[in-house]
Structure formats: structure tokens, C-alpha cells
Amino acid sequence: PAMFLTCQVPGITIATDIIAGFPGETDEDFAETVRLVNDYKFPSLFINQFYARPGTPAALMPRVPAAIAKQRTRELSALFRSYSPYDDRVSDMATVCVCVC
């Protein structure tokens, strides 16, 4: 889907949120998430560890150990910091509308 959008809408920015350590997340699930981030190189990526909100179904699910969730958060954050998504836009010119109220 992201590739379709980037072809149809040049210059589009696709952002996403990732919850590391969501209950039931397997090593394979996490590896797939890493592949997705590596493939798409989201320019805007919000990474958080799972937090069980009382009263939600997820709060009752078996948890991923905190140390693993923390490590996964670190790994995703390092991957995000490893690329520069806007390097191809350096020196681009844009028209900007400024409204003063």
C-alpha cells in the first residue's frame, strides 16, 4: 500500500506508530516489523513500549517480558536513527502560504 501511495502522490509522507512488546508479539512478529521499517524507511515513526491500560482487553493478555520490550524499542529506535529520509529533498524549493491573524 505504501508503494502505491508514493507512486500516486509524489512527495507524500507516510507516518506510523509502533507498539513494541504488545502482548503476544513473537520474535517473528518483531522481525517482520523491523523488515517493514527497513523497507519503507518511514520519515515519521513513533515508537513506544506497550503499556497496559486498565480495563482494556490487552491488559489481561500475557505480557512480553519488560526487558525484551525495552530491547525491541531500542532496536527500532536505532534503525529509525540510521537513515535520513529527507536527504533527497535537500535544496528543493517550495511555495509556502503564511497566514497572519
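Computed from a predicted model, the values in this text were never measured in an experiment.
Rounded to the nearest 0.5 angstrom, Gln49 CD and Ile68 CD1 are separated by 11.5 Å. Note that CG of Leu76 is 10.5 Å distant from CG of Asn38, once rounded to the nearest 0.5 Å. Atoms CZ and CD1, from Arg74 and Ile47 in turn, are 13.0 Å apart once rounded to the nearest 0.5 Å. One finds the CZ atom of Phe4 at 10.0 Å from the CD1 atom of Ile12 (value rounded to the nearest 0.5 Å). In this structure, OG1 in Thr56 is found 9.5 Å from OH in Tyr51, a value given to the nearest 0.5 Å. Within the model, atoms CD of Glu75 and NZ of Lys70 stand 15.5 Å from one another, a figure rounded to the nearest 0.5 Å.
For the pair Glu25/Phe50, no side-chain contact is recorded, criterion being any heavy-atom separation below 4.5 Å from C-beta on. For the pair Lys41/Phe80, no side-chain contact is recorded, criterion being any heavy-atom separation below 4.5 Å from C-beta on.
In terms of heavy-atom proximity, Ala69 sits nearest to Gly21 at CB-CA, 3.9 Å. Looking at every heavy atom in both residues, Val64 comes nearest to Gly24 through CG2-N, 4.3 Å.
Using the six-membered ring where Trp is involved, Tyr40 and Phe42 have ring planes that are tilted, between 30° and 60° apart.
Linking Ile, Leu, Val, Met, Phe, Trp and Tyr residues whenever their side-chain heavy atoms come within less than 4.5 Å leaves Leu79 and Phe46 in two separate clusters. Hydrophobic clustering (side-chain heavy atoms under 4.5 Å, transitive across Ile, Leu, Val, Met, Phe, Trp, Tyr) keeps Phe22 apart from Leu36.
For the side-chain contact (heavy atoms from CB on, under 4.5 Å) criterion with Leu45, the lone passing option out of Ile14, Asp17, Val37 is Val37. The only option from Ile19, Asp27, Asp29, Ile18 that meets the side-chain contact (heavy atoms from CB on, under 4.5 Å) definition with Arg72 turns out to be Asp27.
Formation of a donor-acceptor pair under 3.5 Å by the Gln71 side chain with backbone atoms of Ala67 is not found in this model.
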